[in-house]
2 protein chains.
Amino acid sequence: MTVTIYDVAREAGVSMATVSRVVNNNPNVKPQTRKKVYEAIERLGYRPNAVARGLASKKTTTVGVVIPDISNSNFAEVARGIEDIANMYHYNIILCNADKRKDKEIRVINTLLEKQVDGLLFMGGAVTEEHVQAFKTANVPVVLCATTDEENKIPSVDINHEEAAYDAVNVLLSQGHKDIAMISGTLQDPSNGYARYYGFKRAMEEAGIPEREEFVRVGNYRYESGVEAMNYFLDQDKHPTAVFAATDEMAIGAIHAIQDKGLRVPEDISVISVDNSRMASMVRPQLSAVAQPMYDIGAVSMRLLTKLMKKEQVEEIKVILPHEVVKRQSVGTIQG
Amino acid sequence: MTVTIYDVAREAGVSMATVSRVVNNNPNVKPQTRKKVYEAIERLGYRPNAVARGLASKKTTTVGVVIPDISNSNFAEVARGIEDIANMYHYNIILCNADKRKDKEIRVINTLLEKQVDGLLFMGGAVTEEHVQAFKTANVPVVLCATTDEENKIPSVDINHEEAAYDAVNVLLSQGHKDIAMISGTLQDPSNGYARYYGFKRAMEEAGIPEREEFVRVGNYRYESGVEAMNYFLDQDKHPTAVFAATDEMAIGAIHAIQDKGLRVPEDISVISVDNSRMASMVRPQLSAVAQPMYDIGAVSMRLLTKLMKKEQVEEIKVILPHEVVKRQSVGTIQG
DNA sequence: CTGTTAGCGCTTTCAT
DNA sequence: ATGAAAGCGCTAACAG
């Protein structure tokens, strides 16, 4: 039924070792022999069995990547970066969605490890003690991308989320805004949640603006929660003149909530966020945002992983990529 | 270094066959023995090697899914459906992005096959002769999801794209529109491209409206191409009163192009599309669209694949899921 | 209910 | 430059 390396060997009149050599591009094969083997392969339609190969060589040339939410375009972009570099180094990647659920993350990590991946990329999401435990039992390198561990022990590639938020709030501040509200992510989420809230807090403190509890709402990163949070702000006696949202989607929800109430962005209320996803220019007015280099985060983390897998020396285990504020139309100067 | 089934056997004082049995939940093990084995596993931190298991059993309990474009939220939704059902039947899935490039699709299919997946799900994109050839060499079942082959030979799950487009255009027609333009996908794409264009054409013909070449533009499914196409229509002496876009994203681009010119949707120009992605309600006015049941397409195709893998009898190899028109705010009645 | 024993298809020394 | 042979870690008859 299935044609094996042994069949090819017989067909070509050589040993299976020789076939193995040509399949693996081992130079120690006479060109003429190589040709014979290739012909036999062609004739028989031989396709190497990666499972057998993996067992024998103890390498699978595949890296597992766990993605918290496949329908999140940010992560999709990271995956792109991972892929491109993986291809470049001849690794296959197997993507596993974890549905933003911790138990599934752990399960998926274990499945990947059982499948004997040569390395693991863990994307986004909080890294708990349980995660660290799972990573430790892996005897392959792990790198976190677009997230970090508290302990700062595991290799990772990310931006400085707090700084990004801080910068975003500062563009609002520099335009004269003082009544600034924030639509945060959940505070349990260290990078997209807590760190960004903390950046907001720090910027406000430094500007000498007292904290207003009614000007902070936590959403779930989604559009609808942006709408909801904004409506909450709008229902107050005096609404904020500017809003900082932890994600583009929530910011767009905020913009629409504002417009639905008959107010204008940025004339009445300014909006800024962190992300700069493709959607930022798919809204009117176009959204100003601090850009996270998602593709690069993916690419750099995969590159780091290749080095780790090859046991090469790496200088820095924790890399922070720069972010950048992208000004579009959703932020205006405060009048008065 | 790595602990094997043999180590566990010795630790538990049983044979490796017994360990294998408990790991695989074979009922023929005395509870007490089972317990001993579990303890040994725990003590040693044993993790089954899926590669060895795959080689020995000739089954990997994983299915490969090739996704044309990971950053497309439609496909992400399909993937969700696939995943949920896969989990239900205890299959792992390995997702491979093909970047919308045919050569990469073929390459990825072969990689997946080398990895000995038990089945293959091919998502979206055109199915060429070359694809069919690659599928034929696979001796595992293949099902196409969200696409079909010309020959109608390969199992598949999809909607009727032509009918969906036809229905969309008919809501425009029923509101009195006659000057209807279309922003199409590329005509080489059988499902999202050609079929939808053909549905448009048929609806117009049946309404007795002669075709106007200047009222059809082909885009690349993206927002920007929707903007561009719409601007083209707007630059004409007499612009259309309604636009049918082959995808939500292009429709949203069209809406913004219209608004940027100072016109209103739907008062001046109506817009409708096919997709009904999450973005349809993330725009003002909210977009009317024909909904494709993406999640279901994924779920049903995975279910079909499980049947095929288990060699169960399946009644229908080609399944067409129903679509549905979702009316929101972007379509209005023509005055006059 | 449990153990023995062949492989699964390939890589990899070690000879030659 | 090539071949022989010993596994890789596990499953699956087959015995008992």
Side-chain angles (χ1 to χ4, degrees), chain A residues 1-38 40-41 44-62 90 110-111 113-118 139-140, chain B residues 1-38 40-41 44-62 90 110-111 113-118 139-140:
Chain A
M1 183 73 240
T2 82
V3 16
T4 76
I5 201 173
Y6 183 73
D7 299 321
V8 176
R10 209 178 25 195
E11 175 82 10
V14 298
S15 74
M16 40 190 288
T18 299
V19 177
S20 173
R21 286 190 188 98
V22 346
V23 169
N24 293 295
N25 284 314
N26 183 317
N28 291 347
V29 180
K30 218 194 314 182
Q32 189 193 338
T33 314
R34 185 179 300 274
K35 184 156 172 289
K36 268 196 314 192
V37 173
Y38 274 134
I41 287 176
L44 267 39
Y46 168 69
R47 163 181 293 144
N49 180 327
V51 172
R53 191 199 300 239
L55 182 58
S57 68
K58 305 186 129 227
K59 272 177 296 170
T60 54
T61 62
T62 101
H90 303 290
N110 283 313
T111 315
L113 259 16
E114 285 184 6
K115 288 199 188 303
Q116 312 298 120
V117 293
D118 293 343
N139 28 28
V140 296
Chain B
M1 184 73 239
T2 81
V3 18
T4 76
I5 200 173
Y6 183 73
D7 300 321
V8 176
R10 210 180 22 195
E11 174 81 11
V14 299
S15 74
M16 39 189 290
T18 300
V19 178
S20 174
R21 285 188 189 100
V22 345
V23 170
N24 292 296
N25 283 314
N26 183 318
N28 292 346
V29 180
K30 215 196 312 183
Q32 187 193 338
T33 313
R34 184 180 302 274
K35 182 153 171 291
K36 267 196 314 192
V37 173
Y38 274 134
I41 287 177
L44 268 39
Y46 168 70
R47 162 182 293 145
N49 180 328
V51 171
R53 189 199 301 237
L55 182 58
S57 68
K58 304 185 132 227
K59 271 177 295 170
T60 54
T61 61
T62 102
H90 302 290
N110 282 314
T111 314
L113 261 15
E114 286 184 6
K115 288 199 188 302
Q116 313 299 119
V117 293
D118 292 342
N139 29 27
V140 295

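Only a predicted model underlies this, so the values are computations on that prediction, with no experimental measurement involved. No hydrogens, no waters, no symmetry mates; every other heavy atom, side chains included, goes into these values.
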(request) Would you check if Thr62(A) and Lys115(A) make a side-chain contact, meaning some heavy-atom pair closer than 4.5 Å? (result) no

(message) With a 4.5 Å cut-off on side-chain heavy atoms, are Asp7(B) and Arg10(B) touching?
(response) yes

(message) Once rounded to the nearest 0.5 Å, what's the spacing between atom CG of Leu44(A) and atom OG1 of Thr4(A)?
(response) 9.0 Å

(request) With the side chain counted from C-beta on, respond yes when Val37(A) and Val14(A) share a heavy-atom pair under 4.5 Å apart, and no when they do not. (result) yes

(message) Between Asn110(A) and Arg47(B), is there a side-chain donor-acceptor contact under 3.5 Å, judged purely by atom types and distance?
(response) yes

(request) Could you check how far CZ of Arg21(B) sits from P of dT4(C), rounded to whole Å? (result) 11 Å

(request) Looking only at non-hydrogen atoms, find the nearest pair between Ala40(A) and Ala12(A) and report the distance. (result) CB-CB, 3.8 Å

(message) I'd like the 5' and 3' limits of the part of DNA chain D contacted by chain B, with heavy-atom contacts below 4.0 Å.
(response) dG9(D) to dA13(D)

(message) Keeping Asn24(A) on the side-chain end and Asn26(A) on the backbone end, is there a donor-acceptor pair under 3.5 Å?
(response) no

(request) Specify the separation, in whole Å, of atom CG of Asn25(A) and atom P of dT11(C). (result) 12 Å

(request) Can you tell me the distance, in whole Å, between the NZ atom of Lys36(B) and the C1' atom of dT2(C)? (result) 10 Å

(request) Might you point out which heavy atoms bring Asn49(A) and Val51(A) nearest each other, and give the distance in Å? (result) OD1-N, 2.7 Å

(request) Flag the pair Thr33(B) / Val22(B) as yes when at least one side-chain heavy-atom distance between them is below 4.5 Å, and no otherwise. (result) no

(message) What residues from residues 4-17 of chain B pass a heavy-atom cutoff of under 4.0 Å to DNA chain D?
(response) Thr4(B), Ile5(B), Met16(B), Ala17(B)

(message) Testing the basics here: between Tyr46(B) and Val23(B), what is the closest heavy-atom pair and its distance to 0.1 Å?
(response) CE2-CG2, 4.2 Å

(request) Taking only heavy atoms on the protein side, list every residue of residues 45-61 of chain B lying under 4.0 Å from any atom of DNA chain D, sorted numerically. (result) Tyr46(B), Pro48(B), Asn49(B), Ala52(B), Arg53(B), Ala56(B), Ser57(B)

(request) Compare side-chain N and O positions of Thr18(B) against OP1 and OP2 of dT2(C) and report whether any pair is under 4.0 Å apart. (result) no

